[in-house]
There are 2 protein chains.
Amino acid sequence: MATQPRINPDPASSAHERIYRALRTLIMHGEIAPGTALTLRGLGAEFGVSMTPAREAVRRLAAEGALTLSATGRISTPELSHERIEELASLRGLIEPELAARALPRAHIALIDRLRAINARVSECVTKQDAVCYLRTNMEFHRLIYLRAQAPAMLAVVETIWLQLGPTMRVLYETRQRTDLQRHHRAILSALTAGDEPALRLAMRSDVTQGLKMLEG
Amino acid sequence: MATQPRINPDPASSAHERIYRALRTLIMHGEIAPGTALTLRGLGAEFGVSMTPAREAVRRLAAEGALTLSATGRISTPELSHERIEELASLRGLIEPELAARALPRAHIALIDRLRAINARVSECVTKQDAVCYLRTNMEFHRLIYLRAQAPAMLAVVETIWLQLGPTMRVLYETRQRTDLQRHHRAILSALTAGDEPALRLAMRSDVTQGLKMLEG
DNA sequence: GCAGACTGTTTGTGATCACAATGCCCTCAT
DNA sequence: ATGAGGGCATTGTGATCACAAACAGTCTGC
């Protein structure tokens with residue numbers, strides 16, 4: 001691999017940024033099983049770069065909790081304990097209703113229509129039994145609401161939590177019964193339409209907590 | 001600077017870890033003003049290492065929001081907008097009461113005594129008009145409570161938020177009147193002693209939100 | 001048969017270097 | 001006096017290398 005002259009000076013497409021985004025998406029969508037081992041040289045080779053940018057991407061993802069570094073520096077996707085899952089679920093249950101409530105005053109009919117469209121795609125994923133598809137479109141649903149809240153710092157925290165849950169959620173949604181996954185989304189849409197903040201907070205909290213609580217005990 | 005042979009193989013004291021911890025403490029305690037520029041070579045020289053570990057520490061801190069990377073890659077401590085401060089304050093107001101409530105069943109008299117001792121040191125810092133001292137001991141007070149909650153993921157999120165607020169809080173606490181900074185801490189101690197969860201949640205929320213809300217508007 | 005030592009390989013860490021882009025400051029023309 | 005232009009120092013990026021620790025496989029000795 002010869003030294004590649006830097007063609008593109010755009011910082012948004014620097015080597016470590018590309019690896020970071022690619023890995024982040026894979027992890028958040030649950031496309032990497034918990035406990036999977038990664039290597040810097042492997043990642044570098046996979047993306048056609050040296051170890052340096054791979055290391056930076058890994059460090060960044062580790063700081064966000066998306067990857068685990070062992071005591072000896074080995075890299076792997078995290079295997080979450082039940083306690084940790086409960087904590088992360090509680091955090092979602094605290095923050096996401098707040099984001100929804102902040103989005104509510106700005107939720108016009110156009111937004112709700114787009115949400116309905118995404119929700120239809122969520123249903124497709126459920127009937128197709130496609131966990132990755134489900135996770136991706138479900139996050140899209142939530143993110144579209146939260147973007148309206150104009151609260152980037154809160155959204156960043158929530159996305160970090162999604163990231164930490166990613167590998168585990170995939171396993172989770174493949175082993176559980178999929179009944180009524182859509183009920184909460186319908187309740188969210190109703191509350192958004194009616195402008196009913198307490199109902200919205202409740203529906204959001206249920207949607208977020210329900211799927212994860214069943215892992216405990 | 002000649003190549004330093006690796007004396008200490010302990011991963012907890014690797015070069016990038018040392019820089020990370022040192023910088024993190026400085027930032028969280030508000031010892032670096034918002035908008036201060038840093039350089040990789042400068043940090044490396046300061047800690048007697050090359051750019052490589054400095055870069056990793058910076059990348060990690062940037063991922064946590066403790067440092068800002070400009071579009072051209074320049075490194076600086078963040079200058080938070082009022083909106084962002086409000087968001088971070090709201091997050092604290094959501095999460096920290098929950099942590100306190102989780103700690104409550106485990107809060108024995110020994111813990112409360114230690115909290116009283118820390119609180120006395122907080123008072124000293126206030127009378128000394130020492131902002132850094134105040135921030136450090138105040139965080140110690142909160143962290144000691146939250147450690148009892150046995151919720152490492154939640155605590156990590158909260159500490160990340162403290163980290164983001166660090167440089168700004170210093171400025172904040174130097175320009176405001178310091179009346180009744182201790183009132184909330186006393187209320188927290190009372191509620192802990194009485195085992196009164198609703199009062200504890202309320203006192204914690206007030207303590208956390210009060211100081212930061214005055215920046216808006 | 002099996003546990004423990006050993007060896008070759010893999011892997012993360014940190015240093016160093018080349019490079020391009022950025023930022024800064026001085027100069028000069030208007 | 002001021003703003004535009006140019007050259008130089010500074011800075012982040014990525015590649016490459018040396019090194020030591022960790023891991024995995026085998027082999028030996030009991």
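Sequence lines set the chain letters: A, B, ... in the order given, protein chains first and strands last, and positions in each chain run from 1.
Here C:dT22 presents its P atom at 16 Å from CZ of B:R41, a figure rounded to the nearest Å. D:dA22 atom P lies 16 Å from atom CG of A:L40, rounded to whole Å. Going from atom CD1 of A:I75 over to atom C1' of C:dT13 covers 12 Å, rounded to whole Å. Between A:M51 atom CE and D:dA15 atom C1' the separation is 11 Å, expressed in whole Å.
Using a 4.0 Å heavy-atom criterion, one finds that B:T52 contacts the bases of the nucleic acid, with or without backbone contacts as well. Residue B:L38 is in sugar-phosphate contact alone, with no base atom involved, counting any heavy-atom pair closer than 4.0 Å across all strands shown.
Applying the salt bridge (Lys or Arg N to Asp or Glu O under 4.0 Å) criterion to B:E79, with sequence neighbours excluded, gives no partner residue. With sequence neighbours excluded, no residue forms a salt bridge (Lys or Arg N to Asp or Glu O under 4.0 Å) with B:E87. Under the rule for a salt bridge (Lys or Arg N to Asp or Glu O under 4.0 Å), the partners of B:R121 that lie at least two apart in sequence or sit in another chain are B:E140. Residues satisfying the salt bridge (Lys or Arg N to Asp or Glu O under 4.0 Å) test with A:R143, not counting sequence neighbours, are A:E159.
Among the nucleotides D:dA15, C:dT13, C:dG23, the one closest to the side chain of A:S50 is D:dA15.
Of the possible donor and acceptor atoms, one in the side chain of A:R170 sits under 3.5 Å from a partner among the backbone N and O of A:G30.
Within residues 58-67 of chain A, the residues having any heavy atom under 4.0 Å from DNA chain C are, by residue number, A:R59.
Contacts classified as side-chain hydrogen bond (donor to acceptor under 3.5 Å, both in side chains) and involving residues 38-52 of chain A (residues at least two apart or in different chains) are not found.
In this model, the phosphate group of D:dT10 is not approached by any side-chain N or O of B:T39 to a distance below 4.0 Å at OP1 or OP2.
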